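Note that the structure is a prediction, hence the values are computed from the model and not measured. Computed from heavy atoms alone, side chains included, the values below leave out hydrogens, waters and symmetry copies.
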Amino acid sequence: MDIITTIAEMQRQSRDWQRRGLRVGLVPTMGCLHAGHLSLVDICRGAADRTVVSIFVNPTQFGPGEDLDAYPRTFDADRMACAAAGVDAIFFPDPAEMVPADNSTWVVEESLSRPLCGRDRPTHFRGVATVVLKLFLAALPDVAVFGRKDAQQVAVIRRMVRDLNVPVTIRAAPIVREPDGLAMSSRNRYLDPEPRQAATSIYRGLTSASARFGAGLRDPAALERTVREAIEAAGGHVDYVDCRNADDLQPAANPIDRPALLAVAARFGPARLIDNTTLSP
Ligand code: AMP
């Protein structure tokens, strides 16, 4: 497994593979890899001949006062996990090359990035879209894999790829959970045992909302309430619980008449956690 640290070398490697007729897959990550990330690697290996995992803590997607400095960095463990998972190369770029100090060109998606996490984090998706495009231009992937845990991110990236005619196929992977239902996240390590236990209320809330939806409840506000009550009863602070159309992220109609995304952001202690489920009539 190669460790590639410059954009020029990454491009050279990908072009070399592609000249030999090999399809290149990319799994963008911020490192601190867990089984959720590795499930993306598995999907990527099934869809491409060579798999690149990028590890880059993207400073432009963190807002002022967010956890950029505290974000866990575990490169040695990540390297071993990638090698064991059959990754062909890690792209581990230098922050100064990825985002020059005077960077003044941005990719701004102006619709799907506004609600949900975009409301409290107004520059987050600008940072995500810009750096994901830069990663695409470095790794030149034929296919790239993203997790549905960040459902809004997948929607924004798909829109960017469509609008800018980026020649890459986007694959979305199911959410991988801990045995008690908590969605795996690099930020779960911020949780002490008590809030860690309380955070399972997110999945409980989503599961009961899904069950009520399955039983015929089609009122988005009532489904949102189900999730909110579960989280607040456990002592969590809800940033949002929002039911939106799965495709355009506009507010879901009442009654819900097309696939919907029921999305949550909630805080338990220092950790802001996100999760979601899809509701298909
Ligand atoms: P991150 O390192 O948190 O930026 O995540 C990198 C990629 O892994 C993103 O596409 C995430 O959506 C995906 N991912 C993170 N956690 C999970 C999970 N529990 N299940 C599935 N995908 C995940």
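Between Q61 atom CD and F125 atom CZ the span is 9.0 Å, to the nearest 0.5 Å. The CG atom of D88 lies 9.0 Å from the SG atom of C44; values are rounded to the nearest 0.5 Å. In this structure, CZ in R162 is found 14.0 Å from CD1 in I157, a value given to the nearest 0.5 Å. Between atom CE of residue M30 and atom OG of residue S186 there is a gap of 7.0 Å, rounded to the nearest 0.5 Å. Taking CG from N276 and NZ from K149, the interatomic distance works out to 9.0 Å, rounded to the nearest 0.5 Å. The line from CZ of R12 to CD1 of I4 is 7.5 Å long, rounded to the nearest 0.5 Å.
With a 4.5 Å cut-off on side-chain heavy atoms, C117 and I274 count as touching. D142 has its side chain out of reach of V168: every pair of non-hydrogen atoms, C-beta onward, lies at least 4.5 Å apart. Side chains of R272 and R187 form no contact here, defined as non-hydrogen atoms less than 4.5 Å apart. Taking 4.5 Å as the limit, some side-chain heavy atom of R244 sits within range of a side-chain heavy atom of P115. Side chains of I256 and P281 form a contact here, defined as non-hydrogen atoms less than 4.5 Å apart. Looking at R23 and R50, their side chains never come closer than 4.5 Å, going by heavy atoms from C-beta outward. Side chains of V24 and D49 form no contact here, defined as non-hydrogen atoms less than 4.5 Å apart. Taking the side chain as every heavy atom from C-beta outward, F146 and R171 never approach each other to under 4.5 Å.
Residues R126 and S113 have side chains that never bring a donor and an acceptor to within less than 3.5 angstrom of each other. Counting only N and O atoms by type, the side chains of D67 and Y190 include a donor and acceptor under 3.5 Å apart. Under 3.5 Å, the side chains of R204 and T200 contain a donor-acceptor pair of N or O atoms.
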Criterion salt bridge (charged side-chain N to carboxylate O under 4.0 Å, His left out) on D42 and R45, from CA distance to verdict:
CA-CA 5 Å; D42 278 348; R45 292 184 72 211; 5.0 Å; no

Stepwise side-chain contact (heavy atoms from CB on, under 4.5 Å) test for D248 and R258
CA-CA 11 Å; D248 60 13; R258 54 203 267 205; 3.6 Å; yes

Derivation of the salt bridge (charged side-chain N to carboxylate O under 4.0 Å, His left out) call for R212 and D219:
CA-CA 10 Å; R212 296 187 74 195; D219 176 0; over 6 Å; no

Set out, in order, the CA-CA distance, both residues' side-chain angles and the distance that settles side-chain contact (heavy atoms from CB on, under 4.5 Å) for R158 and D163, then state yes or no.
CA-CA 9 Å; R158 282 194 199 280; D163 289 351; over 6 Å; no

Check the pair I175 / M184 against side-chain contact (heavy atoms from CB on, under 4.5 Å), numbers first and verdict last.
CA-CA 8 Å; I175 301 175; M184 288 193 180; over 6 Å; no

CA sep, side-chain torsions, deciding dist, call: L164, F136, side-chain contact (heavy atoms from CB on, under 4.5 Å)
CA-CA 12 Å; L164 301 182; F136 287 171; over 6 Å; no

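The residues R121 and E66 are annotated as salt-bridged, a charged nitrogen and a carboxylate oxygen being separated by less than 4.0 angstrom. Salt-bridge annotation for R228 and E224: absent, with no side-chain N of the basic residue lying under 4.0 Å from a carboxylate O of the acidic one. D16 and R20 are joined by a salt bridge, as a carboxylate oxygen and a charged side-chain nitrogen come within less than 4.0 angstrom of each other.
Looking only at distances, a side-chain donor or acceptor of T29 sits under 3.5 Å from a matching main-chain atom of S54. Although no hydrogens or angles enter the test, the distance criterion places no donor-acceptor pair under 3.5 Å between the side chain of T51 and the main chain of V87. A donor-acceptor pair under 3.5 Å links the side-chain atoms of N58 to the main chain of T60, judged by distance alone. Not a single donor-acceptor pair under 3.5 Å links the side chain of D247 to the backbone N or O of L249. Under the 3.5 Å distance criterion, the side-chain polar atoms of D239 are left unmatched by any main-chain donor or acceptor of A266. One N or O on the side chain of T130 and one on the backbone of V107 form a donor-acceptor pair closer than 3.5 Å. In this structure a side-chain-to-backbone donor-acceptor pair under 3.5 Å is present from E109 to L112. Under the 3.5 Å distance criterion, the side-chain polar atoms of Q152 are left unmatched by any main-chain donor or acceptor of A263. Of the possible polar contacts, none joining the D275 side chain to the A265 backbone as a donor-acceptor pair under 3.5 Å is found. A donor-acceptor contact shorter than 3.5 Å is absent between the side chain of D192 and the backbone of E194.
V176 and V264 end up in different hydrophobic clusters when Ile, Leu, Val, Met, Phe, Trp and Tyr side chains are linked at under 4.5 Å. Two different hydrophobic clusters hold I7 and I3 under the rule that ILVMFWY side chains link at heavy-atom gaps under 4.5 Å. In this structure, V108 is not a member of the same hydrophobic cluster as L135, with clusters built from ILVMFWY side-chain heavy atoms closer than 4.5 Å. Hydrophobic cluster membership differs between L261 and L223, with clusters built from Ile, Leu, Val, Met, Phe, Trp and Tyr side chains linked at under 4.5 angstrom. When the side chains of ILVMFWY residues are joined at heavy-atom separations under 4.5 Å, either directly or via intervening members, L26 and V132 end up in a single hydrophobic cluster.
Contact record, F91 with T6: CE1-O, 3.6 Å, taken as the closest heavy-atom pair. Of all the heavy atoms in P59 and F56, the pair that sits closest is CD-CZ, 3.7 Å. Nearest heavy atoms, N188 versus L273: OD1-CD2, 3.6 Å. The heavy-atom pair separating M1 from C82 by the smallest distance is SD-CB, 3.6 Å. In plain terms, the two heavy atoms of S111 and Q250 that are nearest each other are OG-NE2, 4.4 Å. Scanning all heavy atoms of the two residues, the minimum distance from R73 to L68 falls at NH1-O, 3.0 Å.
With sequence neighbours excluded, the residues satisfying ring pair (Phe, Tyr, Trp, His ring centres under 6.0 Å) with F92 are F75. For Y71, the ring pair (Phe, Tyr, Trp, His ring centres under 6.0 Å) test picks out F62, with sequence neighbours left out. With sequence neighbours excluded, no residue forms a ring pair (Phe, Tyr, Trp, His ring centres under 6.0 Å) with H124.
A cation-pi contact, defined as under 6.0 Å to the ring centre and within 45° of the axis, links R218 to F213.
Heavy atoms of other residues, nucleotides or ligands lying less than 6.0 angstrom from CD of E97 number more than 12.
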